[in-house]
Amino acid sequence: MAVGSGRGALIILEGLDRSGKTTQCKKLLESLRSHQHKVKLIKFPDRTTETGKMIDSYLKQNMKIDDRAIHLLFSANRWEKRLEMLKDLEQGITLIVDRYAFSGVAFSSAKKGLELEWCKCPDRGLPKPDLVIFLNVSSSDAASRGGYGEERYENTEFQKTVANNFKRMWDEWKVIDAGGSIDDVHQTILNYVKSTMQSVDDKPIGELWI
Ligand code: T5A
Ligand code: NA
């Protein structure tokens with residue numbers, strides 16, 4: 001694979017809680033860097049910005065926020081990264097993103113009264129991923145990875161609804177079995193990522209859900 005030709009690829013890792021997104025994002029970053037690729041890691045929510053601090057406080061159950069208002073905050077937290085993302089991609093930097101608008105939609109639409117289509121609207125027009133990898137784990141595999149913590153959304157019933165919502169969006173994704181060993185899952189991800197990086201070339205960056 002030629003290094004430094006064409007634009008970078010926008011790669012998203014999504015998945016259920018404890019499916020290993022963060023673990024795999026880090027391994028992917030190391031592996032691509034060791035082969036001299038220009039690559040960066042981004043994580044949503046980005047808890048360091050002003051919107052991110054409110055989201056963090058909401059997730060830690062320190063602050064109550066209306067269901068629709070928090071949905072829009074999660075979306076704003078992505079929009080404020082847009083220009084930086086586009087600039088990086090145009091400069092040939094591949095972006096590995098730990099959660100994106102799909103988490104936004106899957107979690108919010110698990111709440112009463114929030115329709116999936118309504119939830120998609122605020123994220124319409126964000127940079128469109130070149131590849132979405134969904135880490136799929138059975139609830140028993142996830143359970144063997146330790147109990148849920150104190151954060152909002154960390155309960156089995158809610159997670160089941162979230163899983164069903166992800167399935168309503170996953171037609172164009174690479175859905176992979178994340179129940180294997182960390183190294184096996186990494187190899188599968190790496191193969192998909194390498195072929196995507198080769199295929200983006202100078203194709204224009206698309207707009208999500210448009
Ligand atoms: N959210 C997020 C919204 O509601 N709207 C939005 O728009 C967005 C972006 C926080 C919450 O916010 C919600 C979703 C979340 O509820 P977060 O900060 O990304 O989002 O959540 P985290 O708690 O960081 O992520 P997860 O709990 O989902 O964990 P990961 O990243 O999937 O899993 P990871 O890599 O940390 O691994 C979990 C454990 O499993 C082990 C790891 O060592 C670790 O101990 N593990 C494995 N064990 C065995 N085999 C393997 N293959 C393993 N891979 C990892
Ligand atoms: Na994570």
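Numbering of residues begins at 1 and proceeds along the displayed sequence.
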Using modelled atom types and a 3.5 Å cut-off, is there a donor and acceptor pairing between side-chain atoms of [X] and backbone atoms of [Y]?
X      : Y      : answer
Ser19  : Leu16  : yes
Arg124 : Ile210 : no
Asp66  : Arg68  : yes
Arg7   : Lys203 : yes
Arg78  : Phe44  : no

Gln61 atom CD, neighbour heavy-atom count above 12 within 6.0 Å: yes
Heavy atoms of other groups near Met54 CE, more than 12 under 6.0 Å: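 No, not enclosed.
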Trp173 side, atom CH2; Leu131 side, atom CG - distance, nearest 0.5 Å: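 The CG atom of Leu131 is 11.5 Å from CH2 of Trp173, to the nearest 0.5 Å.
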At what distance, to the nearest 0.5 angstrom, does OG1 of Thr23 lie from CZ of Arg145? 8.0 Å
Determine whether the side chains of Asp130 and Thr196 contain a donor N or O and an acceptor N or O closer than 3.5 Å. no
Would you check if there is a donor-acceptor pair between the side chains of Asp123 and Ser75 at a distance under 3.5 Å? yes
Looking only at heavy atoms, what is the nearest atom pair of Glu154 and Gln159, with distance?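 Looks like CA-NE2, 4.2 Å.
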State, to 0.1 Å, how close Asn77 and Ile55 come at their nearest heavy-atom pair, and which atoms those are. CB-CD1, 3.8 Å
All side chain to side chain donor-acceptor pair (under 3.5 Å) counterparts of Lys26, not counting sequence neighbours: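 Here no residue qualifies.
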Salt bridge (charged side-chain N to carboxylate O under 4.0 Å, His left out) assessment of Glu90 paired with Lys87: CA-CA 5 Å; Glu90 279 154 12; Lys87 197 172 149 213; over 6 Å; no
Using a strict 4.0 Å threshold on nitrogen-to-oxygen distance, state whether Lys40 and Asp88 make a salt bridge.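 Counted as a salt bridge, because a side-chain N and a carboxylate O are separated by less than 4.0 Å.
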Is the shortest side-chain heavy-atom distance between Leu32 and Leu190 below 4.5 Å?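 Side chain of Leu32 against side chain of Leu190, heavy atoms only: contact under 4.5 Å found.
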Note, Thr94 side chain near Leu10 side chain (heavy atom, < 4.5 Å):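 Sidechains of Leu10 and Thr94: no contact.
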With salt bridge (charged side-chain N to carboxylate O under 4.0 Å, His left out) as the criterion, how do Asp46 and Lys81 come out once you've worked through the C-alpha distance, each side chain's angles and the decisive distance to 0.1 Å? CA-CA 9 Å; Asp46 174 350; Lys81 279 272 180 300; 2.7 Å; yes
Salt bridge (Lys or Arg N to Asp or Glu O under 4.0 Å) contacts in which one or both residues fall within residues 164-180, not counting sequence neighbours: none
Apply salt bridge (charged side-chain N to carboxylate O under 4.0 Å, His left out) to Lys53 and Glu50, showing your working. CA-CA 5 Å; Lys53 284 174 199 162; Glu50 291 307 311; 3.1 Å; yes
Sequence neighbours left out, cut at 3.5 Å: what donor-acceptor pairs do the side chains of residues 101-113 make with other protein atoms?
from   : atom 1 : to     : atom 2 : distance (Å)
Ser103 : OG     : Glu14  : OE1    : 2.5
Ser103 : OG     : Arg99  : NH1    : 3.1
Ser108 : OG     : His71  : ND1    : 2.6
Ser108 : OG     : Gly104 : O      : 3.3
Ser109 : OG     : Val105 : O      : 2.6
Ser109 : OG     : Asn165 : ND2    : 3.1
Lys111 : NZ     : Tyr58  : OH     : 2.9
Lys111 : NZ     : Tyr153 : OH     : 2.9

